[in-house]
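Scroll down for the structure; my scribbles are underneath it.
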Amino acid sequence: MSQPICRIIPCLDLADGRVVKGVNFVDLNDAGDPIEVAQRYSQQGADEIVLLNITGAPENNAVIHRILTQLSVDTDIPLIVGGGMRSLPDLQAMIQAGATKVSINSAAVHRPELISEAAQTLGSERLIIAIDAKSNDHTPGHWEVCTQGGKHRTGLDVVEWAQRVAQLGAGEILLTSMDQDGTQSGFDLQLTRAVSDAVTIPVIASGGVGTLEHLVDGVLQGGAQGVLAASIFHYGTYSIAQAKDYLQQHGIRTLT
């Protein structure tokens, strides 16, 4: 049996031109200048970096453009950009600005045809569908897709939606547990495994990392091919190198 391979992906949530971090998508705290933080993770050896416009505000997209311009000079690290993009021209503009991949959530739910249009125009390898998942209060073991920064419950079943976006041409799924987000108590492994088993495209697990063991669990128990974290890296609890060493000690290969 071959060793699983996993990417380490720090996430920069952006609001008002700053990196922020909250709990369950609220109570945001400042975590630094986005360009400085992104450069630090690039130097530490992150496999990819996510730049997420969590408010959808146009001024944050302007900040993202600045980060893309600066990092394209300093590094060749792949950059995933998400949030605040509502149309195919929005996605194309981010790619032209230097994004390696683009991620959409609300726009895809609002108009699923955008997924196939983007996949055909940009290539599936550049298209990530983000799914913000919240436990279904009425049906244990099921989760509901949320949009608008987690504020709106859509009624869509997460596993069914994951299968649909894969069929429409998504290249990856960025799966965030809203229940676990910022708690540092670990991924929702049941959720991660349910989605990983339901699709053939890679799943990036997000929401809840507090220890290096949580990263390992996301891969070995959740089936994720990428693990996203913010708090443990932003506040210096662990470095990217420590995370990679720990994964390798547990039989998980990393890209570098």
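FYI, the numbering just counts along the sequence from 1.
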Could you state the interatomic distance from CG (Leu175) to OG (Ser196), rounded to the nearest 0.5 Å?
-> 7.5 Å

What do the steps show when you test Ile131 against Leu174 for side-chain contact (heavy atoms from CB on, under 4.5 Å), and what is the final call?
-> CA-CA 6 Å; Ile131 301 178; Leu174 172 54; over 6 Å; no

Kindly say whether Val145 contributes a backbone atom to a donor-acceptor pair with the side chain of Thr154 at under 3.5 angstrom?
-> yes

CG/Leu52 to CD1/Ile64 distance, rounded to the nearest 0.5 angstrom?
-> 7.5 Å

What's the spacing between Leu228 CG and Phe187 CZ if we round to 0.5 Å?
-> 7.5 Å

Just by distance, do the side chain of Ser106 and the backbone of Gln148 share a donor-acceptor pair under 3.5 Å?
-> yes

Separation of Leu91 CG from Thr121 OG1 (nearest 0.5 Å) | 9.5 Å

Check whether more than 12 heavy atoms from other residues, nucleotides or ligands sit under 6.0 Å from atom CD of Gln242, and answer yes or no.
-> yes

Check whether any side-chain N or O of Thr192 sits under 3.5 Å from a backbone N or O of Asp188 as a donor-acceptor pair, and report yes or no.
-> yes

Arg193/Asp197 salt bridge by N-O under 4.0 Å criterion | yes

Here the gap from Tyr41 atom OH to His234 atom NE2, rounded to the nearest 0.5 Å, amounts to 4.5 Å

Nearest-0.5 Å distance that lies between atom CG in Asn61 and atom CE in Met85 = 7.0 Å

State whether Glu144 and Lys134 are salt-bridged, where the test is any N-O pair (Lys NZ or Arg NE/NH1/NH2 against Asp/Glu carboxylate O) under 4.0 Å.
-> no

Have Glu48 and Thr100 got a donor and an acceptor in their side chains that come within less than 3.5 Å?
-> no

Is the shortest side-chain N to carboxylate O distance from Arg111 to Glu117 below 4.0 Å?
-> yes

Could you please spell out the steps behind the side-chain contact (heavy atoms from CB on, under 4.5 Å) verdict for Val109 and Leu156?
-> CA-CA 9 Å; Val109 173; Leu156 291 171; 3.8 Å; yes

For Gln44 and Ile240, indicate whether the former's side chain and the latter's backbone hold a donor-acceptor pair under 3.5 Å.
-> yes

Polar contact flag, side-chain donor to acceptor under 3.5 angstrom, Trp143-Asp179 | no

Basic-acidic side-chain contact under 4.0 Å: Glu125, Lys101 | no

